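Below, chains carry the letters A, B, ... as their sequence lines are ordered, and counting in each starts from 1. Only this structure's heavy atoms are used, side chains among them; waters, hydrogens and symmetry mates stay out. Computed from a predicted structure; not experimentally measured.
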Amino acid sequence: MKRFLKNLLIYTLLVTGYLFIYVVDIESYFFQKNEEEIKSKVDFVYQQF
Amino acid sequence: MVYFLFFQQKREVKTNIIHGQQNQIKFRYSNFTKGKEAEIDYIASIKNKGQLTLFGSSEFSDSPFVPYNFFPDSTGRFVLGVGHAHHQHFSVLIELLASNDVNENSEICVFLSPGWFENGEGTNTEAFIEFARPNFLKKILNDPKIDVAYKKYIADYIYQNRSQFTGISQTFSQFINHFSSKKKTFLGGIDAFMHETFNLDTVVIPNYQPELKTARHKKWKGNTEEIAQQLQQEFLQKCKNNPFYVDDAYFNKYLLKKDGSIKTVTLKTPKIEGNKEFEDLKMLVQYINERKMKASFVIIPYNPYYYTNTEIFNPLINEITTLLNQNEIPTLNLFVDDTSKYEKGILSDVMHLGDYGWMRVNQFLDSIYYQQL
């Protein structure tokens with residue numbers, strides 16, 4: 001029982017930590033990210049023909 | 001739970017006020033990569049009732065007869081052009097959505113090129129980046145008054161073309177996770193669920209506050225029909241070395257091969273069903289109608305002397321004109337399927353308006369918006 005509770009606590013913390021850090025991206029609420037300037041990988045050169 | 005409550009209480013909606021004087025009241029912006037200055041002038045143009053905003057592409061030039069030069073110079077009216085090659089319906093829709101709070105009853109004119117429909121793939125990603133600026137997308141994303149259908153439409157475009165961008169910005173990601181109807185990633189789904197359930201998004205809404213200029217109208221003293229005829233005659237004087245009624249210099253540079261033969265091009269039949277460009281046009285027309293804009297369209301022709309199979313575009317052009325007529329949008333349809341219907345000089349080359357063509361457009365715009373010429 002004691003071992004079960006220990007594992008439950010550890011895995012709950014791991015899953016919660018994963019969600020906060022990688023999914024919710026909790027850092028972004030403390031440090032506002034600047035909008036990344038996205039570019040197109042494909043350059044379309046204007047051609048009439 | 002404690003964390004969620006903490007962050008929910010700390011959450012605030014931030015407004016990024018973009019303030020500035022309206023400066024450019026004529027000519028055009030090729031795109032919005034200049035940033036704040038271009039965005040302010042564009043929003044001001046839409047907001048300033050009585051100012052006409054033109055959405056066009058490669059036909060835009062420096063000629064004094066293009067409406068964004070002609071009307072400000074001749075009548076003192078404000079006209080701003082937006083666009084260059086590849087500025088198509090989807091980009092125009094995004095620009096208009098970004099001005100959702102000020103565009104009711106705005107005067108706009110869209111220049112439609114049949115060539116956009118030929119491959120049926122719609123707007124390319126490079127053009128999207130140039131016209132769908134981060135501030136515009138953020139504004140659309142966070143404007144509750146904009147119908148979700150438009151947000152879904154943008155989200156699906158971003159999702160479908162995600163591999164062609166150098167990355168996925170926070171705004172792109174929010175569009176995809178919150179609005180895309182396409183397949184989401186597992187993590188994206190959890191992300192959207194968490195944000196929606198716990199109201200976690202940081203909201204930064206750009207708010208444009210341009211100081212508008214006031215136009216001083218002048219009385220027009222010229223004769224447009226006389227000028228148009230004169231321009232047509234002058235143009236025909238420049239078409240001596242070819243049978244296509246295109247400018248000699250253009251013919252030598254683009255149509256004549258080194259061996260002295262002439263380049264020939266056969267148009268491909270544009271599909272109507274599943275044509276992304278046509279879907280974009282329908283969305284644009286729907287939005288224009290919802291916002292009760294005073295909109296007009298100009299359909300640019302192909303030069304039928306050069307393109308000998310322009311008739312294959314007839315079903316598409318019929319669909320387009322039917323759509324515009326159903327929505328009571330005045331249209332100047334210059335498209336022709338035969339040389340006998342073509343007014344020489346409308347185009348200066350094979351697909352771009354010449355000065356005579358621009359005068360016809362000026363007459364059309366005047367009949368819709370000014371009745372002054």
Inset, instruction - Give a yes or no on whether the backbone of A:Lys39 and the side-chain of B:Thr166 come within a donor-acceptor separation of less than 3.5 Å. - result: yes
Inset, instruction - Sort B:Arg162 into side chain, backbone, both or neither according to what part of it lies under 4.5 angstrom from a heavy atom of chain A. - result: neither
Inset, instruction - Determine the minimum heavy-atom distance between A:Lys41 and B:Ser163, stating which atoms define it. - result: NZ-O, 3.1 Å
Inset, instruction - Please examine the side chains of A:Ile38 and B:Ile129, heavy atoms only from C-beta on, and report whether any two atoms are closer than 4.5 Å. - result: yes
Inset, instruction - Measure the spacing between CZ of B:Phe128 and OG of A:Ser40 and express it to the nearest 0.5 Å. - result: 10.5 Å
